[in-house]
> 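One structure, as structure tokens, below. Some questions next.
Every number for a ligand or one of its atoms is a count from 1 in the order of the listing.
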Amino acid sequence: MSKLCDGRVVIVTGAGRGIGREYALALAAHGAKVVVNDLGVSRDGMGRDLSAAQSVVDEIHAAGGEAMVNGDDVADWEGARHMIESTVAHYGALHALVNNAGILRDRMLVNMEEGEWDAVINVHLKGTFAPAHHAAVHWRSLQKLSGEPVDARIINTSSSSGLYGNIGQANYGAAKAGIAALTVIAARELKRYGVTVNAISPHAQTRMTENLRERTPEEIAARHPRWIAPVVVWLASTASAEVTGRVFEVGGGHLSAMEGWHRGPEAAPVDDPERIGPVLLDLARRARRNADMKGHDLD
Ligand SMILES: NC(=O)c1ccc[n+]([C@@H]2O[C@H](COP(=O)([O-])OP(=O)(O)OC[C@H]3O[C@@H](n4cnc5c(N)ncnc54)[C@H](O)[C@@H]3O)[C@@H](O)[C@H]2O)c1
């Protein structure tokens, strides 16, 4: 019986543990050849250890699948280029890029240092843009050579922290909201080459989240990454061609499509700061409230 991702070559960044590991195992189980990228850093991005990526590759091989390790830093321009080019050199193709690698350095804005801001923005935002850019360059040249759309995929990783706005995560939330915007823009730009671009906003019990609060066994079970991986396997397959520019929130008992910024209530423009106050107050009162961290309107 044919599998959903038979013949697809898929890169998963940050696949040595957590959610990315689950993606890699599920993609391989559904027929994909998987490039398991992971720098093997600590939760805050320190150190380097390729053994986590190697053990995922070993697990895939033991189950009869195909995979290889990649130890490039996704936030390094040349590293990202090498990850894309070495994948194409090794497997002869690239069909999907899953940008999942990430780190955390939480601090209140007033205490946050420049290095904490830069490190998190770098790994998430540049670490999504750089691989996406080099993959898009590859797909554009393929499409120009053959004249055929490439049927390729980029799947990014956003977060409720950025979409809703979580206290203590100015760096991380700004990067994750940026990734949601990048997803929408890249989807519009890459459509002409046959590339879809979507994002996941996951909820999972991993080392990134396990210390945040006490959870019941039921909550932990609902936050197993196995609930998230099926979305990525389907999005990476050819079956998902019509879906692009979407952010799916998944895990912790949820599966939903996010709805982005829209123009809200309107008023006639006012060219006088002395008269604009009541108009802005009225607009602010009538506009839909920002969501709370559960995605519902704040009371
Ligand atoms: N766990 C959650 O509930 C949750 C919620 C929202 C978003 N996310 C996002 O999901 C993704 C996966 O998170 P996770 O919970 O599995 O975390 P995790 O810490 O278990 O895994 C992240 C992996 O990324 C790797 N990595 C970090 N920097 C890298 C770099 N520069 N190059 C290559 N690899 C690098 C790490 O070595 C690690 O193995 C992240 O983008 C995270 O921000 C997670």
> Do any nitrogen or oxygen atoms of Asp38 come within less than 3.5 Å of a nitrogen or oxygen of ligand 1?
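Between Asp38 and ligand 1 (N or O atoms, distance only) the closest approach is under 3.5 Å.
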
> Val41 to ligand 1: N or O pair under 3.5 Å?
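Yes; the residue has a nitrogen or oxygen that sits under 3.5 Å from a nitrogen or oxygen of the ligand.
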
> Do me a favour and list the nearest non-hydrogen protein atom to atom 32 (N) of ligand 1 with residue, atom name and distance?
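That would be Val74 N, 3.3 Å.
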
> Return a yes/no value for Arg207: is any of its N or O atoms, backbone included, closer than 3.5 angstrom to an N or O of ligand 1?
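Yes, there is a polar N/O contact under 3.5 Å.
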
> Give the numbers and elements of all ligand 1 atoms closer than 4.0 Å to a heavy atom of Thr209.
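It comes down to these atoms of ligand 1: 1 (N), 2 (C), 3 (O).
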
> Any N/O of Ile103 closer than 3.5 Å to an N/O of ligand 1?
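By distance alone, the answer is no.
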
> Could you name the option among Ala75, Ala53, Ala101 that has the heavy atom nearest to atom 26 (N) of ligand 1?
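Checking each option, the heavy atom nearest atom 26 (N) of ligand 1 is found in Ala101.
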
> Return a yes/no value for Ser160: is any of its N or O atoms, backbone included, closer than 3.5 angstrom to an N or O of ligand 1?
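Among all N and O atoms of Ser160, none is under 3.5 Å from an N or O of ligand 1.
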
> Could you check whether any heavy atom of Ala52 sits closer than 4.0 Å to an atom of ligand 1, since that is the contact criterion I want to use?
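Checking ligand 1 against Ala52, which is what was asked, there is no heavy-atom contact under 4.0 Å.
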
> Looking at ligand 1, does Gly127 have a heavy atom less than 4.0 Å from it?
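No; Gly127 lies far enough from ligand 1 that no heavy-atom distance drops under 4.0 Å.
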
> Nearest to atom 41 (O) of ligand 1, what protein heavy atom do you find, and at what distance?
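Its nearest protein heavy-atom neighbour is Asn100 O, 2.8 Å.
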
> Which residues pass the side-chain hydrogen bond (donor to acceptor under 3.5 Å, both in side chains) test with Arg288, sequence neighbours left out?
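Partners of Arg288 by the side-chain hydrogen bond (donor to acceptor under 3.5 Å, both in side chains) criterion, ordered by chain and then number, come out as Asp297.
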
> If the cut-off is 4.0 Å to any non-hydrogen atom of Gly18, which atoms of ligand 1 fall inside it?
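Taking each heavy atom of Gly18 in turn, ligand 1 has 16 (O), 20 (O) under 4.0 Å.
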
> Is the shortest N/O to N/O distance between Gly20 and ligand 1 below 3.5 Å?
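Between Gly20 and ligand 1 (N or O atoms, distance only) the closest approach is not under 3.5 Å.
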
> Less than 4.0 Å between a side-chain N and a carboxylate O, is that true for Glu78 and Arg81?
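Answer for the salt bridge query: yes.
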
> Which heavy atom of the protein is the closest neighbour of atom 31 (N) of ligand 1, given with residue, atom name and distance?
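That would be Asp73 OD1, 2.8 Å.
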
